[in-house]
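Written below as structure tokens is the structure these notes are about.
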Amino acid sequence: MFPKAAAGYSYEDCRATADWLLAQTSLRPLVGIVCGSGLGGLAEALKDQVVFNYKDIPNFPHSTVNGHAGRLVFGTLKGKPCICMQGRFHLYEGYPVQKITLPMRIFKLLGVETVILTNAAGGLNQDYKVGDIMIIKDHINMPGFAGNNPLAGPNDERFGVRFPCMSDAYDRELQQLAQDVGAELGYSDFMREGVYCVLGGPSFETIAECRMLHKLGADAVGMSTVHEVIVARHCGMRVFAMSLITNQAVMDYDSEEKANHEEVLQTGEQRSKQLERLVSAMVTRIEHNTNYA
Ligand SMILES: O=P(O)(O)O[C@@H]1C[C@H](O)[C@@H](CO)O1
């Protein structure tokens, strides 16, 4: 029932993990939140928490990165039932792409309708500043170009279709909601909208790579999110994602700047309260099919 799978999990394996979780809590989440590097504080906003360490959840991978606590938190945000991943999984941790995206299928089977993903990213757009929040309007899936797509392999129609559309991956209504809520909170000066490019990591990019990515149309570069978005859309959940620009990508050979994880975590800490307010306010205003009142 709970195999030590090296790659993908079957529908039944995902169902078993979801049922295991459902048996331990009466909370039925409608919103799933994924916290990026240094942004785990988002989970603290949840009330009436029921918390699971990833290592105790059947089939779940384990977090290995500083800034990703490795806890799955059920709770409510202003009365709305949510589930929050305090820590995500990355390709560079050595997990197959099907494994790092497993939580999206678990979310779906738990009843989640909307997924909100956050990440830390390097700013390629020269107008961006450290601390800006970029609403992701589209992505470039670099590992996908080389065939590393989480949907590669046999397709189970119970999750979704063989060839899912991705031109509508990022829900436009939710992007507008984020803009509206951001404006109401007084965040407009540091809110942007742009294209996120995922690479495999863990090495940060060279100067030539950053220049190339910018020319290709990317505004920010990171090591996550896109795989989760593809799997979440494949199984029919609405998706909203945003990047915190934690550092400027180095684009100039005269620059003394060096990308580093400490700066990433530090910027996350500085903006965490504002991100928390933005996500909380959005969650209370997202409409769902289910009557959760
Ligand atoms: O999980 P995210 O995408 O927020 O984490 C980014 C990418 C690397 O894991 C790390 C680099 O500092 O932050």
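Indexing begins at 1, ligand by ligand and atom by atom, following the structure's order. Only a predicted model underlies this, so the values are computations on that prediction, with no experimental measurement involved.
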Does ligand 1 have any N/O pairs with the protein under 3.5 Å, and how far apart?
from	atom 1	to	atom 2	distance (Å)
ligand 1	1 (O)	His68	NE2	3.4
ligand 1	1 (O)	Arg88	NH1	3.0
ligand 1	1 (O)	His90	NE2	2.7
ligand 1	3 (O)	Ser224	OG	2.5
ligand 1	4 (O)	Ser37	N	2.8
ligand 1	4 (O)	Ala120	N	2.8
ligand 1	5 (O)	Ser37	OG	2.7
ligand 1	9 (O)	His90	NE2	3.3
ligand 1	9 (O)	Tyr92	OH	2.5
ligand 1	12 (O)	His261	ND1	2.6
ligand 1	13 (O)	Ser37	OG	2.9

Once the angle between the rings of His68 and His90 is folded into 0 to 90°, is it parallel (under 30°), tilted (30 to 60°) or perpendicular (over 60°)?
perpendicular
Applying side chain to side chain contact (heavy atoms under 4.5 Å, CB included), can you list everything that pairs with Ser255, at least two apart in sequence or on another chain?
Val250, Asp252, Glu257
Going by the rule side chain to side chain contact (heavy atoms under 4.5 Å, CB included), which residues pair with Asp48 if we only count those two or more places apart in sequence or in a different chain?
Thr76
Going by heavy atoms in the side chains, are Val50 and Gln24 under 4.5 Å from each other?
no
Check this for me, if you would: do Arg285 and Glu184 make a salt bridge, where the nitrogen-to-carboxylate-oxygen distance has to be below 4.0 angstrom?
yes
Identify, with sequence neighbours excluded, every residue that meets ring-ring contact (aromatic ring centres under 6.0 Å, His included) alongside His139.
Tyr170
